[in-house]
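Just below is one structure, and these are the notes that go with it.
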Amino acid sequence: MEYFVIVIGSIFVSNIVLAQFLGICPFVGVSGKLSTSIGMGGAVLFVMTLATIVTWVLQYYLLTPFGLGFMQTIVFILIIAALVQMVEIILKKVSPPLYQALGVFLPLITTNCAVLGVAILTIQKEFSLMEGVVFAISNAIGFTLALVLFAGIREHLDLMEVPKGMRGVPIALLVAGILALAFMGFTGMV
Amino acid sequence: MNQVANFTKGFIKENPVFVLLLGLCPTLGVTSTAINGLGMGLATTFVLVMSNLVVSLIKNAIPDKVRIPSFIVIIASFVTIVELTMQAYTPALFEALGLFIPLIVVNCIVLGRAEAFASKQTVFSSVIDGLGMGLGFAFALTILGAVRELLGSGNIFGLELMKGDLMLVFVLAPGAFIALGYLIALMNKLAKS
């Protein structure tokens with residue numbers, strides 16, 4: 001039951017992009033096309049889950065016992081940067097097709113604040129390792145959901161006649177606002 | 001390089017938020033009030049100035065291959081300083097900004113300026129660039145915060161300006177996107193004329 005609450009809560013009720021404003025850069029930048037947003041979502045799912053596991057283990061077996069809590073930000077961002085590099089190298093060797101699909105998105109993920117944000121939130125909410133993993137996966141799904149929905153709308157938007165001053169980013173942000181409004185309908189579900 | 005132009009470019013011409021569209025996460029996340037926007041802007045300014053200073057000081061000592069990780073460590077150190085200082089001296093603001101303070105470390109503006117400017121220019125120009133860009137960011141966040149606070153609750157910086165039923169949606173998440181969308185459209189219009 002607790003896991004169910006975490007899953008629904010992070011995908012719909014407090015969606016990482018539309019309610020918590022994490023990962024906005026790829027949300028606005030990459031989401032022009034449906035196929036690229038699915039690729040980006042896959043890469044985020046992969047890195048976010050791995051990063052949450054590694055940072056959780058480090059936090060509870062290294063930082064907390066030795067009283068190094070103030071090093072959290074530095075350690076976490078370095079771990080994420082190293083992890084992204086490692087995933088890139090391993091994917092290149094082990095699964096070239098997957099690397100082809102996700103490769104271009106991987107370097108972008110280091111500065112995706114959603115990954116660091118979820119790692120820190122997992123610690124702040126005092127989740128167990130298993131809850132943390134579920135939390136990371138559902139947030140990645142929430143991120144992908146928002147990205148895919150937004151990309152679908154933007155593909156149609158390209159064919160519409162938008163007033164000149166609103167073309168490009170302004171209209172995209174208004175659409176995001178309306179999407180966020182729709183997601184507010186889930187408030188109070190869990 | 002003309003230092004005055006170097007300083008002022010961050011406000012309008014190359015404003016990080018309105019023109020370059022960098023650092024949108026904190027821009028949308030913390031600007032429910034003008035004071036939160038200003039606080040976040042000033043915290044980012046501090047990190048930006050200090051990281052630009054250090055990066056430009058040691059740019060010749062860093063091997064090219066490990067420059068990005070080195071920049072990240074430098075930035076993360078200053079973010080930690082800001083985090084601990086705010087926790088000690090401005091606990092209310094620290095609570096309000098929450099997760100977005102450690103997330104300054106992944107703010108694209110900070111790393112972007114270190115990579116694109118400070119790693120190539122002199123120490124003095126880099127500090128001026130950091131200050132200009134940081135204050136430009138603070139300026140954008142304060143404006144967005146003031147607009148949202150005024151439309152949503154009738155206040156600016158806590159001063160009551162309007163009474164009655166207001167548009168609560170502007171203080172909530174959707175209002176952040178909508179207000180920023182209209183502000184960018186307005187800035188595009190102003191930049192053209």
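The figures that follow rest on heavy atoms only: side chains count, while hydrogens, waters and symmetry mates do not. All of these numbers come straight from a predicted model, not from anything done at the bench. Per chain, numbering begins at 1; letters A, B, ... match sequence-line order.
- Looking at Leu111(B), only its side chain comes within 4.5 Å of chain A, counting heavy atoms on both sides.
- Of the listed residues (Ala81(A), Ala19(A), Gly23(A), Gly117(A)), the greatest number of heavy-atom pairs within a distance under 4.5 Å of chain B belongs to Gly117(A).
- Counting heavy-atom pairs closer than 4.5 Å to chain A, the top residue among Val73(B), Leu103(B), Leu24(B), Ile68(B) is Leu103(B).
- In plain terms, the two heavy atoms of Gly181(B) and Leu174(A) that are nearest each other are CA-CD2, 4.5 Å.
- Note: the hydrophobic cluster containing Leu20(B) does not contain Leu190(B) (ILVMFWY, side chain heavy atoms under 4.5 Å, direct or indirect links).
- Cluster annotation: Phe124(B) and Val54(B) are assigned to the same hydrophobic cluster (Ile/Leu/Val/Met/Phe/Trp/Tyr, side-chain heavy-atom contacts under 4.5 Å, transitive).
- Within the model, atoms CG of Leu99(B) and CG of Leu121(A) stand 4.5 Å from one another, a figure rounded to the nearest 0.5 Å.
- With a 4.5 Å cut-off on non-hydrogen atoms, Ala179(B) does not touch chain A at all.
- Taken from CG in Leu18(A) to CZ in Phe177(B), the straight-line distance is 5.5 Å, to the nearest 0.5 Å.
- The two atoms that bring Ala185(B) and Gly165(A) nearest to each other are CB-O, 3.8 Å, heavy atoms only.
- Counting all heavy atoms, side chain and backbone alike, Cys25(B) lies closest to Phe21(A) at CB-O, 3.2 Å.
- Per-residue counts of heavy-atom pairs under 4.5 Å with chain B were compared for Leu173(A), Leu116(A), Val169(A); the largest is that of Leu173(A).
- Residues Ile178(A) and Leu183(B) fall into different hydrophobic clusters, defined by Ile, Leu, Val, Met, Phe, Trp and Tyr side chains chained together at heavy-atom separations under 4.5 Å.
- Proximity to chain A is limited to the side chain of Leu172(B), based on heavy atoms less than 4.5 angstrom apart.
- Between the CD1 atom of Ile74(A) and the CD1 atom of Ile74(B) there is a distance of 11.0 Å, given to the nearest 0.5 Å.
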With 3.5 angstrom as the limit, list the donor-acceptor pairs from chain A to chain B, or say none if there aren't any.
| from | atom 1 | to | atom 2 | distance (Å) |
| --- | --- | --- | --- | --- |
| Thr73(A) | OG1 | Glu83(B) | OE1 | 3.0 |

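- Atom CD1 of residue Ile178(B) and atom CG of residue Leu181(A) lie 6.5 Å apart, to the nearest 0.5 angstrom.
- Leu78(A) touches chain B through its side chain: at least one heavy atom from C-beta onward sits under 4.5 Å away, while N, CA, C and O do not.
- Residue Val175(A): no heavy atom, backbone or side chain, is found under 4.5 Å from chain B.
- Contact check for Leu22(A) versus Phe100(B): side-chain heavy atoms found under the 4.5 Å cut-off.
- Looking at Val30(B), there are no atoms closer than 4.5 Å to chain A (heavy atoms on both sides), in backbone or side chain.
- Only the side chain of Leu84(B) comes within contact range of chain A, with at least one heavy atom under 4.5 Å from a heavy atom of that chain.
- Each of Ala114(A), Pro170(A), Ala180(A), Gly168(A) has some count of heavy-atom pairs under 4.5 Å with chain B, and the biggest count is that of Pro170(A).
- For Met187(B), the CE atom is densely surrounded, since the number of other residues' heavy atoms within 6.0 Å is greater than 12.
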